[in-house]
Chemist: 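Sharing a structure here in structure tokens format.
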Protein chains: 2
Amino acid sequence: MCANLPLDQILQGDCVEILERLPEKSVDLIFADPPYNLQLQKELWRPNQTRVDAVDDDWDHYDSLEAYDAFCRQWIAACRRVLKDTGTLWVIGSYHNIFRIGALLQDLGFWFLNDVIWIKTNPMPNFRGVRFTNAHETLLWVSKFKGARYTFNHHALKALNDDLQMRSDWLLPICNGPERIRHNGQKAHSTQKPEALLYRVLTAASCPGDVVLDPFFGSGTTGAVAKKLRRHWIGIEREAEYIRVAEERLAQVQPLSEEDAVYALEGRAPAKTRRLPFGRLLEAGLLQPGQSLYYRGERAQAAQVRADGRLMLDGLCASIHGLASQLSGGAPANGWLAWYYEDENQRLCVIDELRQRLLADSHGAA
Amino acid sequence: MCANLPLDQILQGDCVEILERLPEKSVDLIFADPPYNLQLQKELWRPNQTRVDAVDDDWDHYDSLEAYDAFCRQWIAACRRVLKDTGTLWVIGSYHNIFRIGALLQDLGFWFLNDVIWIKTNPMPNFRGVRFTNAHETLLWVSKFKGARYTFNHHALKALNDDLQMRSDWLLPICNGPERIRHNGQKAHSTQKPEALLYRVLTAASCPGDVVLDPFFGSGTTGAVAKKLRRHWIGIEREAEYIRVAEERLAQVQPLSEEDAVYALEGRAPAKTRRLPFGRLLEAGLLQPGQSLYYRGERAQAAQVRADGRLMLDGLCASIHGLASQLSGGAPANGWLAWYYEDENQRLCVIDELRQRLLADSHGAA
DNA sequence: ATGTCAAATGAATCAGTGC
DNA sequence: AGCACTGATTCATTTGACA
């Protein structure tokens with residue numbers, strides 16, 4: 001971690017200027033909730049003749065699509081510079097702006113990992129009945145370039161989702177009730193995001209101790225969740241009033257215990273199996289060099305174990321994973337489940353059983 | 001409708017060339033399911049739609065984005081020309097291409113009505129657990145320009161959704177089972193869309209007799225649903241094999257009866273009342289000039305009826321609607337429901353009852 | 001305290017017809 | 001095209017008043 005990174009603070013000012021003063025490749029995760037450029041047309045009234053308190057803040061106004069594009073190109077490029085090569089960027093938006101931002105991200109070399117849909121359980125209806133209820137917002141999740149390594153805590157997310165793989169559609173309520181910060185009954189910020197949304201983002205794409213940056217900090221939801229989950233955070237915000245709101249809020253956040261933060265990361269998934277190289281089976285005497293392993297348990301496809309832990313078959317030589325992949329036509333393969341050995345009773349058993357036996361032995365790990 | 005519009009046919013060829021031969025402003029609805037960003041297919045397209053044989057991987061990421069943009073700009077512009085000013089365009093895509101298309105639509109002057117998320121009940125899992133399950137596709141719905149009139153059958157959609165306003169998130173299964181067209185066990189088309197999706201699109205944004213065009217016709221789902229719902233359809237498709245599949249499919253489609261098609265359109269909408277000016281109540285003798293009407297049934301807010309059918313209160317003088325609007329602080333108001341008169345028993349009744357009485361009298365309409 | 005009902009409200013590109 | 005006039009339209013939650 002960079003020594004001169006201002007951690008766990010809110011930096012006041014224009015996000016582009018401040019980002020350009022931060023060290024490059026120093027941040028693990030960026031969550032950006034930029035102005036949406038809503039361009040509201042006129043007053044909107046409910047059928048019960050009350051007025052809708054719409055977002056009409058000055059910070060959301062741009063003169064043209066071109067002006068909005070130029071603004072976004074600047075802050076996205078500045079984010080890219082401070083992001084580690086293994087870091088990822090999230091952006092949230094609506095149809096007013098998200099297509100421009102998505103295209104810009106691709107133009108600037110980012111690589112899409114997912115677009116995630118936040119489906120609101122309780123959106124504002126379309127009062128005039130002239131369109132579909134606008135019931136969602138879109139989150140973009142991109143890595144810095146194609147092929148970049150990145151963090152995705154698959155098991156934590158799976159656990160968060162009742163042991164089903166987490167999908168790209170997230171059903172969550174809007175920020176309301178006690179969580180919504182109000183002063184004298186007025187919203188402290190017109191677009192405060194729910195903590196549940198950030199909880200999911202940070203759990204998925206960062207680890208405890210990582211640095212999470214939010215260039216449009218607002219009421220500080222990103223910081224609040226980062227602090228709770230024991231991530232470092234950096235907030236950038238222009239408006240002094242929002243900074244006061246966020247600082248008061250952050251002072252009240254209690255971080256989870258270290259164990260709980262790690263537990264939140266691992267979720268209820270089976271304890272993460274330690275990595276164990278295939279060669280350990282040879283070292284442990286569970287397999288012998290020269291012994292045959294059978295692809296998918298078929299005796300017709302026999303490979304020989306080499307002393308270095310590689311397999312040979314028909315002149316091919318590769319790891320258990322690589323050879324299985326080649327035999328399957330190139331699909332990624334888990335060699336532990338692809339290869340079978342003959343046990344003392346001449347029965348074929350999957351080699352993963354040997355790995356499990358070794359892992360269960362507390363002294364077995366390398 | 002244009003006399004020289006080739007209705008209920010599949011036109012073979014490049015969609016841009018064919019669109020440019022069709023009459024302008026002649027089509028009510030376009031549904032487009034364009035090829036995804038060709039990064040995935042490892043193909044390059046020149047701006048003139050000819051395919052570049054990409055023999056290796058050394059093509060440039062940015063060149064490919066630009067080529068895809070050029071391709072999309074052409075077909076979208078061609079669609080815009082044939083679309084009536086009151087027509088709307090739908091485009092479906094995934095994160096690979098939808099952001100480029102959304103931005104292009106805005107650049108070309110289209111106006112967003114909604115982005116709609118098709119959430120798949122049964123998506124393909126992410127087998128390697130390195131991302132979220134990509135469980136949705138995005139549909140864009142745009143009118144030709146800001147402020148354009150367009151068709152949205154609010155009541156039909158509300159009826160489709162158990163009398164709740166239809167939202168922008170649609171939960172529908174992917175096309176599978178008997179609906180999926182197969183030849184010798186092979187999918188006849190790799191991206192056949194479910195008819196339920198098109199059913200909702202056409203029900204929402206077109207009327208029986210309208211002309212629906214699909215520039216990437218494929219297996220013909222758009223045509224099949226259009227025929228069923230008694231819309232005219234035009235399909236454009238390059239591949240002869242897909243055309244054969246679609247023609248065979250369309251021959252088997254039975255249109256709904258006219259009544260069913262109209263019922264599907266109207267849903268449970270209230271019968272449309274004829275328009276009746278307030279002055280007719282005076283002419284019919286149901287109200288007298290000088291009589292008092294009470295705003296929202298409160299005797300403290302009494303307006304006087306003038307002989308010209310306007311109301312006066314506190315020096316204000318306006319129509320029943322205009323005065324109700326002013327009294328409510330500017331909200332649009334339905335005067336028929338806002339004003340009450342005193343009946344022969346000194347009870348206050350809403351003046352809409354008088355309108356209904358006059359409308360029920362078949363001779364009452366102006 | 002507890003229950004019931006009315007009022008308030010949330011990132012919104014929010015009207016249609018006829019002259 | 002522009003103007004004047006008519007009149008159709010909302011869901012899930014939370015908050016607060018009041019019994």
Side-chain angles (χ1 to χ4, degrees), chain A residues 33-57 59-62 65 68 92-98 118 120-138 173-180 182 185-187 189-194 216 218, chain B residues 85-86 106 110-115 141-143 145-152 154-155 158 161-168 269-270 272-279 309-310 318-325 331-339 352 355:
Chain A
D33 182 10
Y36 286 10
N37 192 24
L38 286 182
Q39 307 172 63
L40 71 93
Q41 302 298 302
K42 52 186 169 185
E43 283 187 341
L44 180 62
W45 295 80
R46 296 186 169 83
N48 67 5
Q49 309 214 312
T50 61
R51 200 193 310 252
V52 173
D53 178 23
V55 172
D56 59 353
D57 306 81
W59 48 255
D60 199 42
H61 290 315
Y62 293 83
L65 283 181
Y68 187 73
I92 184 168
S94 67
Y95 64 80
H96 310 85
N97 68 330
I98 203 65
W118 169 28
K120 304 178 183 184
T121 56
N122 48 351
M124 184 160 358
N126 184 293
F127 295 114
R128 311 302 294 263
V130 292
R131 302 181 180 190
F132 300 99
T133 301
N134 194 7
H136 71 275
E137 293 186 29
T138 300
I174 60 176
C175 182
N176 225 329
E179 186 186 329
R180 186 86 195 207
R182 293 175 196 276
Q186 298 288 314
K187 292 177 273 189
H189 192 283
S190 57
T191 69
Q192 185 182 343
K193 294 292 174 290
F216 306 98
Chain B
D85 283 351
T86 56
Q106 291 179 311
F110 286 96
W111 190 249
F112 264 92
L113 298 171
N114 281 110
D115 59 335
W141 182 36
V142 294
S143 64
F145 48 86
K146 175 180 173 179
R149 276 195 304 122
Y150 59 91
T151 298
F152 178 62
H154 169 65
H155 288 290
K158 194 165 173 172
N161 195 38
D162 291 337
D163 277 336
L164 286 180
Q165 189 172 80
M166 187 71 82
R167 304 166 31 126
S168 58
K272 190 166 176 119
T273 54
R274 282 167 294 171
R275 238 186 82 182
L276 187 140
F278 175 70
R310 297 169 82 83
S319 72
I320 54 171
H321 311 295
L323 192 56
S325 174
N334 182 343
W336 292 105
L337 305 176
W339 297 101
D352 196 52
R355 176 170 69 149

Chemist: Of the options dG10(C), dT6(D), dC5(D), whose atoms approach the side-chain atoms of P125(A) most closely?
Modeler: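 Closest nucleotide among those given: dG10(C).
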Chemist: Find the distance N126(A):CG to dG10(C):P and express it as a whole number of Å.
Modeler: 17 Å
Chemist: Side-chain N or O of S190(A) versus OP1/OP2 of dG10(C): is the shortest distance under 4.0 Å?
Modeler: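 So the side-chain polar atoms of S190(A) never come under 4.0 Å of the phosphate oxygens OP1 or OP2 of dG10(C).
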Chemist: Can you find a donor-acceptor pair, distance only, under 3.5 Å between R46(A) side chain and dG10(C) base?
Modeler: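 When only heavy-atom distances are counted, R46(A) does reach the base of dG10(C) through a donor-acceptor pair under 3.5 Å.
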Chemist: Could you measure between the two C1' atoms, the one in dA12(C) and the one in dT9(D), and give it in whole Å?
Modeler: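 That atom pair is separated by 15 Å.
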Chemist: Look at all strands and tell whether R51(A) reaches a base, only sugar-phosphate, or nothing, counting heavy atoms closer than 4.0 Å.
Modeler: nothing
Chemist: Who pairs with D56(A) by salt bridge (Lys or Arg N to Asp or Glu O under 4.0 Å), at least two apart in sequence or on another chain?
Modeler: none
Chemist: At under 4.0 Å between heavy atoms, what does W45(A) touch on the DNA or RNA strands: base, sugar-phosphate, or nothing?
Modeler: nothing
Chemist: Send over the distance from R180(A) CZ to dG10(C) P, rounded to a whole Å.
Modeler: 6 Å
Chemist: To the nearest Å, how far apart are F145(B) CZ and dA1(D) P?
Modeler: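 After rounding, the gap between these two atoms is 8 Å.
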Chemist: Taking the six-membered ring for Trp and the single ring otherwise, decide whether the centroids of H189(A) and W59(A) are under 6.0 Å apart.
Modeler: yes
Chemist: Could you say whether N176(A) or P47(A) is positioned toward the 5' end of DNA chain D, judged by the nucleotide with the nearest heavy atom to each?
Modeler: P47(A)
Chemist: Is K158(B) close enough to dT10(D) that one of its side-chain N or O atoms is under 4.0 Å from OP1 or OP2 there?
Modeler: yes
Chemist: In whole angstrom, give me the gap between the P atoms of dT6(D) and dC14(C).
Modeler: 24 Å
Chemist: Taking all non-hydrogen atoms of both residues into account, name the closest pair between H136(A) and S168(B) and its distance.
Modeler: ND1-OG, 2.8 Å
Chemist: Base, sugar-phosphate, or nothing for D60(A), non-hydrogen atoms under 4.0 angstrom?
Modeler: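 If one applies the 4.0 Å heavy-atom cut-off, D60(A) turns out to touch a base.
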Chemist: Counting only side-chain N and O atoms of K187(A), is one of them less than 4.0 Å from OP1 or OP2 of dG10(C)?
Modeler: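 Answer yes for this pair, as a side-chain N or O of K187(A) is under 4.0 Å from OP1 or OP2.
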Chemist: Any side-chain donor-acceptor pair under 3.5 Å between Y36(A) and D60(A)?
Modeler: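 Y36(A) vs D60(A): no donor-acceptor pair found between side chains.
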Chemist: Rounded to whole angstrom units, what separation is found between the CD1 atom of I320(B) and the P atom of dA8(D)?
Modeler: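 Between P of dA8(D) and CD1 of I320(B): 10 Å.
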Chemist: If you compare all heavy atoms of R46(A) against all heavy atoms of M124(A), which two are closest, and at what distance to 0.1 Å?
Modeler: NH2-SD, 4.4 Å
Chemist: Check every strand shown and say whether P34(A) touches a base, only sugar-phosphate, or nothing at a heavy-atom separation below 4.0 Å.
Modeler: base
Chemist: Which label fits F152(B) and W141(B): parallel for a plane angle under 30°, tilted from 30 to 60°, or perpendicular past 60°?
Modeler: tilted
Chemist: In dot-bracket, 5' to 3', how would DNA chain C read with Watson-Crick or G-U wobble pairs under 3.5 Å, [ ] for crossing ones and | for pairs to another strand?
Modeler: .|||||||||....|||||
Chemist: Report the nucleotide, chosen from dA12(C), dA15(C), dA11(C), that has the shortest atom-to-atom distance to any side-chain atom of V130(A).
Modeler: dA15(C)
Chemist: Using whole Å, what does the distance between atom P of nucleotide dG10(C) and atom CD of Q186(A) come to?
Modeler: 9 Å
Chemist: The test is side-chain hydrogen bond (donor to acceptor under 3.5 Å, both in side chains); show your working for E137(A) and S94(A) and say whether it passes.
Modeler: CA-CA 5 Å; E137(A) 293 186 29; S94(A) 67; over 6 Å; no
Chemist: Starting at the 5' end of DNA chain C, which residue's closest nucleotide do you reach first, Y150(B) or V52(A)?
Modeler: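 Residue closer to the 5' terminus by nearest nucleotide: V52(A).
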Chemist: Looking at R275(B), does any N or O in its side chain come under 4.0 Å of the phosphate oxygens OP1/OP2 on dT6(D)?
Modeler: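 False: R275(B) side-chain N/O out of range (4.0 Å or more) of dT6(D) OP1/OP2.
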Chemist: With rounding to whole Å, what would you report as the distance between dA11(C) and dT15(D) at their C1' atoms?
Modeler: 22 Å
Chemist: Closest to the K193(A) side chain: dA15(C), dG10(C), dA11(C)?
Modeler: dA11(C)
Chemist: How long is the line joining CD of Q49(A) and P of dC14(C), in whole Å?
Modeler: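 In whole Å, dC14(C) P and Q49(A) CD are 19 Å from each other.
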Chemist: dA8(D), OP1 or OP2 - any side-chain N/O from H321(B) closer than 4.0 Å?
Modeler: no
Chemist: Identify which nucleotide among dG18(C), dC14(C), dA11(C) has an atom closest to any side-chain atom of Y36(A), counting heavy atoms from C-beta outward.
Modeler: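 When the side chain of Y36(A) is considered, dA11(C) is the closest of dG18(C), dC14(C), dA11(C).
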Chemist: Which is true for N114(B) with a 4.0 Å heavy-atom rule: it touches a base, it touches only sugar-phosphate, or it touches nothing?
Modeler: nothing
Chemist: So, D85(B) and R149(B), do they make that salt bridge, N to O below 4.0 Å?
Modeler: no
Chemist: Look at the side chain of D56(A) and the base of dA12(C), then say whether one donor and one acceptor between them are separated by less than 3.5 Å.
Modeler: no
Chemist: Looking for any heavy atom pair under 4.0 Å, which part of the strands does S94(A) touch: base, sugar-phosphate only, or nothing?
Modeler: nothing
Chemist: Please report the shortest heavy-atom distance between G309(B) and F278(B), naming the atom on each side.
Modeler: O-CD2, 3.1 Å
Chemist: Could you tell me how far apart D57(A) (CG) and dA12(C) (P) are, to the nearest whole angstrom?
Modeler: 11 Å
Chemist: Run the side-chain contact (heavy atoms from CB on, under 4.5 Å) test against P194(A) and tell me which residues pass, sequence neighbours left out.
Modeler: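 Per chain and number, P194(A) pairs via side-chain contact (heavy atoms from CB on, under 4.5 Å) with W118(A), C175(A), E179(A), L197(A).
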Chemist: Taking the minimum atom-to-atom distance to the side chain of T121(A), which one of dT9(D), dT13(D), dT9(C) wins?
Modeler: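 Looking only at heavy atoms from C-beta outward on T121(A), the closest nucleotide is dT13(D).
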Chemist: Can a donor-acceptor pair under 3.5 Å be found between the side-chain atoms of R131(A) and the base atoms of dA12(C)?
Modeler: no
Chemist: Show the nearest heavy-atom pair for residues P35(A) and Y62(A), with the distance to one decimal.
Modeler: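 Heavy-atom minimum between the residues: CG-OH, 3.6 Å.
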Chemist: Counting only side-chain heavy atoms from C-beta out, which of dA11(C), dT6(D), dG7(D) sits nearest to S319(B)?
Modeler: dT6(D)
Chemist: For the side chain of M124(A), starting at C-beta, report the closest nucleotide among dG10(C), dC11(D), dC14(C).
Modeler: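 That would be dG10(C).
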Chemist: From dT10(D), dA8(D), dA11(C), pick the nucleotide closest to the side chain of N334(B)?
Modeler: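 Of dT10(D), dA8(D), dA11(C), dA8(D) is nearest to the side chain of N334(B).
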Chemist: Pick the C1' atom in dT10(D) and in dA8(C), then give their distance to the nearest Å.
Modeler: 13 Å
Chemist: Mind calculating the distance between CG (L113(B)) and P (dC14(C)) to the nearest angstrom?
Modeler: 10 Å
Chemist: Reading DNA chain D from 5' onward, which residue's closest nucleotide shows up sooner: G177(A) or A331(B)?
Modeler: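 Its nucleotide being nearer the 5' end, the pick is A331(B).
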Chemist: Counting side-chain heavy atoms from CB outward, which of dT10(D), dA11(C), dG7(D) is closest to E137(A)?
Modeler: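 Minimum distance to the E137(A) side chain belongs to dA11(C).
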Chemist: With a 4.0 Å cutoff (strictly under), does any side-chain N or O of H155(B) reach OP1 or OP2 of dA8(D)?
Modeler: no
Chemist: What is the nucleic acid contact for P173(A), judged by heavy atoms within less than 4.0 Å: base, sugar-phosphate only, or nothing?
Modeler: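 Touches nothing.
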